[in-house]
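Heads up, the thing below is written out as structure tokens.
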Amino acid sequence: MKNKNIYIIVVISLIVGALMGWWANSGGGKNQEKEHAHETGSIYTCSMHPQIRQDEPGDCPICGMELIPLSALEGNGESISQPTVLKMSPEAVALANISTSRVKAGSDGYTLELSGKIDADERKVASVSANFSGRVDELYVAFTGQEVKKGQKLARIYSPELIAAHRELIEAKKSQDISPALYEAAKQKLKQWELTDEQINKMEHQVDYQVHFDIYANTAGVVDKRNVSVGDYVEKGTVLFEITNLSKVWVILDAYERNINNIQLGDQLSFSANSRPDKEYNAKVTFIDPNLNANTRSIKVRAEVNNTHGELKPGMFVTSKIKVTAPQSSAGLMIPSTAVLWTGKRSVVYREVGNEDSPAFEMVEVSLGATSGEMQLVKDGLNIGDKVVTNGVFAVDGAAQLSGKYSMMNQKASRKVEVSPEFAEKLEDAIDVYFILKNKLVLDKSAKQEALRLKQEIERVGEGNVPPEVLDRWTSEKKEIQVALDQIIAANEIGAERDGFIHLSEAFIAVLEDFGTTRDVIYKSYCPMAKNDQGAFWLSEVASIKNPYFGSAMLSCGEVKGEYRKSNN
């Protein structure tokens, strides 16, 4: 009996073993193995596009950047109480090629780098006109671009009027002693046709009447326009040629809005042409355009330079440096421009707060001044000696997004300026109209009527008893909105309306960052292909992407980059 029981136990053990083996081979064991592999493996993502995730290395399908391990970006998993501080592993820092630079004090003066082009001096453009009617029988200037000297013969004209005037001069010359007034009148008539005294004296002594009369250059320069051909009949006053004297030319530079107040008449500048990068020219600012270009947010700055040897040609691109004085209100701190991330009117940098063994970076909002070549003036937010990320800043910001930290695209929505319920309500009414305007562009329809309505709504926002601090900031924001709305209203096609909507969205993003919202959520969406592939943001009442910059052509192009939520304060 005992042996029988042992036999039964052995048989049962064999059956259980067989069943376990069958279960493992049928997939249960494989699933566990896969789960284990997934836990120990790395997920790779893009620091610029965190929605991209895959289980093997490669390049981002959107921007082409090398994918980074998600586990490396998230550091060692230790929590940090500050939501603005990101902790990374030394391996992640090395993999993202992150480097820092120390904040340094600026000098009393700094350099603005502006780009522009060479243009002709408008004051040195002269027209050569026909002072009498006739037929062009010969041309001595056969093509535009030909250089001529002052007094050089340009054309020969057959003119019956001048033949008749020549006849009158000869007859008056014969009776000069009897009627000197008639003689002077005949000469004066020829002078009105801009014939020189030398030509008139020559005509007086000619036996035969002069059949042809020559046209001469009234200035030295280059023939920019030739408006006649041999055989053409011209009337008095017809412009035959335009001659531009290029001995002095203009340098026309574009200065962006934030740099305008740092440029003054008389400022010295140096520049080089793209065609002659090895040679530097000097000039002086002689004119600053009083009008701001609403599309480019820039003004024209003009300087004059001698061009005796003709090296500078109209249309050449130039790069200029202007030595200016730093504003008195400026802290005089300088950082590389590559350290700054911009979104709307907000600018942030990442300051190093960790050490070599435990790297950490803090997102800091900064107030900027003008640019100085490759350097950026910082007025507030940093101190001398701070270290800021200058290379790999997008990787740090992307890692902050993936780790749930505050980043350039994801900042806590808090109201910086406390406003009354009445102010907030009127502001929300304006935002409602903004959404209606946006949805018209989504449907490929003109939004001019909505722009006119929005102009009325924003006028209501500042009405009533508004504290000075709120009113001052709102007035500044409102001006930006009005400029954008005027651009939309003046547009002659929907593409131009969409250009204006870019500026309108930037202005409303600044409004939300300054005043917050009473809504549960407003989505900040981004299209990387808008603004000629520079990328642009817009605000939306829904999370789904409905692109106002391309409409039906690319309706779902874009992604949500951030949110603005009701303030909890």
Side-chain angles (χ1 to χ4, degrees), residues 109 111-131 139-155 194 196 215-228 237-256 259-293 296 298-325 373:
T111 303
L112 287 179
E113 187 170 302
L114 306 177
S115 59
K117 65 176 184 177
I118 299 296
D119 207 348
D121 187 338
E122 294 176 359
R123 300 166 300 183
K124 293 186 174 295
V125 178
S127 296
V128 179
S129 303
N131 297 309
L139 282 177
Y140 303 105
V141 174
F143 54 87
T144 57
Q146 183 173 337
E147 292 189 11
V148 297
K149 297 179 180 179
K150 185 176 181 179
Q152 182 175 331
K153 191 184 300 183
L154 303 178
E194 294 192 4
T196 64
I215 303 296
Y216 297 91
N218 51 13
T219 184
V222 174
V223 177
D224 284 333
K225 291 183 180 180
R226 179 178 65 85
N227 299 324
V228 292
T238 300
V239 177
L240 308 178
F241 306 93
E242 281 192 7
I243 301 174
T244 302
N245 189 324
L246 297 178
S247 61
K248 180 178 287 187
V249 293
W250 285 349
V251 184
I252 308 295
L253 305 170
D254 293 310
Y256 289 104
N259 295 328
I260 291 174
N261 292 331
N262 300 316
I263 304 173
Q264 305 294 331
L265 291 175
D267 283 348
Q268 295 290 334
L269 61 86
S270 60
F271 70 93
S272 60
N274 290 4
S275 60
R276 293 289 304 273
D278 57 321
K279 185 169 183 178
E280 189 173 88
Y281 301 86
N282 296 310
K284 182 185 295 185
V285 175
T286 57
F287 176 76
I288 300 175
D289 196 329
N291 299 309
L292 178 75
N293 186 311
T296 62
S298 65
I299 63 167
K300 298 293 183 183
V301 176
R302 188 174 76 209
E304 299 176 11
V305 61
N306 290 326
N307 188 35
T308 308
H309 301 293
E311 296 174 342
L312 301 173
K313 315 291 185 184
M316 282 184 171
F317 288 109
V318 299
T319 301
S320 171
K321 294 180 179 179
I322 304 179
K323 186 79 170 179
V324 298
T325 303

In Å, rounded to the nearest 0.5 Å, how long is the span from [atom1] of [X] to [atom2] of [Y]?
X	Y	atom1	atom2	answer
Lys124	Leu246	NZ	CG	10.0 Å
Lys321	Glu280	NZ	CD	7.5 Å
Asn274	Lys117	CG	NZ	13.5 Å
Arg302	Leu253	CZ	CG	11.5 Å
Lys300	Asp289	NZ	CG	8.5 Å

So which atom in [X] and which in [Y] form the shortest heavy-atom distance, rounded to 0.1 Å?
X	Y	result
Ala217	Lys149	CB-O, 3.5 Å
Asp224	Thr144	O-CG2, 3.6 Å
Glu242	Ser127	CG-OG, 3.9 Å
Thr219	Ala126	CG2-CB, 3.7 Å
Thr244	Ala120	CG2-CB, 3.8 Å
Leu154	Val148	CD2-CG1, 4.1 Å

Legend entry - Test: Lys284 and Asp267 ion pair at under 4.0 Å: no

Inset, instruction - Give a yes or no on whether a salt bridge exists between Glu304 and Arg123, defined as a side-chain N under 4.0 angstrom from a carboxylate O. - result: yes

Inset, instruction - With Val141 as reference, evaluate Ile243, Val128, Val223 under the side-chain contact (heavy atoms from CB on, under 4.5 Å) test and give the passing residue. - result: Val223

Do [X] and [Y] have side-chain heavy atoms sitting under 4.5 Å apart?
X	Y	answer
Tyr140	Gln152	no
Ile215	Asn131	no
Glu311	Lys279	yes
Val305	Phe271	yes
Ile299	Ile263	no
Asp254	Leu114	no
Leu269	Val301	no

Please answer whether the main-chain N or O of [Y] pairs with a side-chain N or O of [X] as donor and acceptor at a distance below 3.5 Å.
X	Y	answer
Asn227	Val239	yes
Asn307	Leu312	yes
Ser298	Ala255	no
Lys248	Asn245	no

Tell me whether the count of non-hydrogen atoms from other residues, nucleotides or ligands lying under 6.0 Å of [atom1] in [X] goes above 12.
X	atom1	answer
Lys150	NZ	no
Glu147	CD	no
Phe287	CZ	yes
Tyr216	OH	yes

Inset, instruction - Please determine, by modelled atom types, if Thr308 and Asn306 share a side-chain donor-acceptor pair under 3.5 angstrom. - result: no

Legend entry - Derivation and outcome, side-chain contact (heavy atoms from CB on, under 4.5 Å), residues Leu265 and Val285: CA-CA 5 Å; Leu265 291 175; Val285 175; 4.3 Å; yes

